[in-house]
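Take a look at the structure below.
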Amino acid sequence: MGKKNKKFEWTRKHLLGLRDLTAEEIGFILDTAEGFEQVSTRSIKKAPTLRGRVVVNLFFEDSTRTRVSFGLAANRLSADVIDFSKTSSSVSKGETLLDTARNLEAMGIDIVVIRHCAGGAPKLLSKNINASVINAGDGFNEHPTQALLDVYTIRKERGSLKGLKIGIAGDIAHSRVARSDIWAMTKLGAEVTLIGPPTLMPGKVEELPVKVCYKLDDVIEELDVINMLRIQFERMGKAQFPSVREYSHFFGLTVERMKRAKDDIIVMHPGPINRGLEIESQVADGANSVILKQVSNGLAVRMAVLFLVNQAAMKRQKK
Ligand code: CP
């Protein structure tokens, strides 16, 4: 597994968030992911790592990247993969989350990958079932594998996050990606600035290890990395800014604004993109963008997470 710290022992059976992880644990996941990257370059893209294990993708919210990436990652590790969706299951008849999970567990599942609109749903599951639980995004709380693939991508581009100035711009209030990014990036030594209108800043922002800036133009020149967040209209009860046009004018990453950024600034976005709103198409598809690299890197990161939680669960079973 490449340069992985061989003395370190991974012990977590679940991955619920990054807030409680140490820098060493985050680094260990990234090193493990490096080792898994080569599986996807083989002519037969398979490793026997999770043979005989059952992974359930339990998605209560829509997803393209995370859902497919976890499914593919589990398939590449030779697990049996079950894809569960809210609309075609008995959840539509009123079955609760816990009843759903316990019934799936009765069929012999080992790992649950869950996305849910309620913050804390993965933690609740982890306390009530024996299977490992991986958080694939819970409410406004965390989206740990997205942040892991974000820092993995930056580390691949720059070697390290130490001392980098990273801007996270846009709808931070509704963003679980931003919360997980803040923990991962600052633990790995980056300086993070949140950029957006006051209405899109999270509550108690002063308690987070970040700087806050209300004008993208004030910081664009000094950033090494900018992560543009999607405006999440579906989570907004009422309008949080006067108009889409005004938002785009002050906070959109435009070709014009990019002229003032460093030549080698790394442009990121977790997807899905609102083209022409938070980012112009020429920038999203331009030379500084690593948006599709983020998606590719997510596969190795999710293979690493599946491998590590399964390894920890199996070690506990033996004790
Ligand atoms: N980045 C992300 O979580 O995308 P999906 O909602 O498509 O999974």
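Note that the structure is predicted; figures quoted are calculated from it, not measured. Read the numbers this way: they start at 1 and go in the same order the structure lists the ligands and their atoms.
- Protein neighbours of ligand 1 below 4.0 Å, counting non-hydrogen atoms: S63, T64, R65, T66, R115, H143, Q146, P270, G271.
- Under a 3.5 Å cut-off, the side chain of S90 and the backbone N or O of K93 do not form any donor-acceptor pair.
- Note on ring orientation: taking the six-membered ring where Trp is involved, the planes of F8 and F28 are tilted (angle from 30° to 60°).
- Sorted by first and then second residue, the ring pair (Phe, Tyr, Trp, His ring centres under 6.0 Å) pairs involving residues 62-109 (not counting sequence neighbours) are F60-F84.
- Residue pairs meeting the side-chain hydrogen bond (donor to acceptor under 3.5 Å, both in side chains) criterion with at least one partner in residues 118-129, sequence neighbours excluded, are R102-N128.
- In this structure, E61 pairs ionically with R176, as a charged nitrogen and a carboxylate oxygen lie closer than 4.0 Å.
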Using residues 107-122 as the side-chain source, report each donor-acceptor pair under 3.5 Å to any protein atom, sequence neighbours left out, with the distance given to one decimal.
from	atom 1	to	atom 2	distance (Å)
D110	OD2	V54	N	2.8
R115	NE	A136	O	2.9
R115	NH1	D62	O	3.0
R115	NH2	T66	OG1	3.0
R115	NH2	A136	O	3.2
R115	NH2	H143	NE2	3.2
H116	ND1	A118	N	3.0

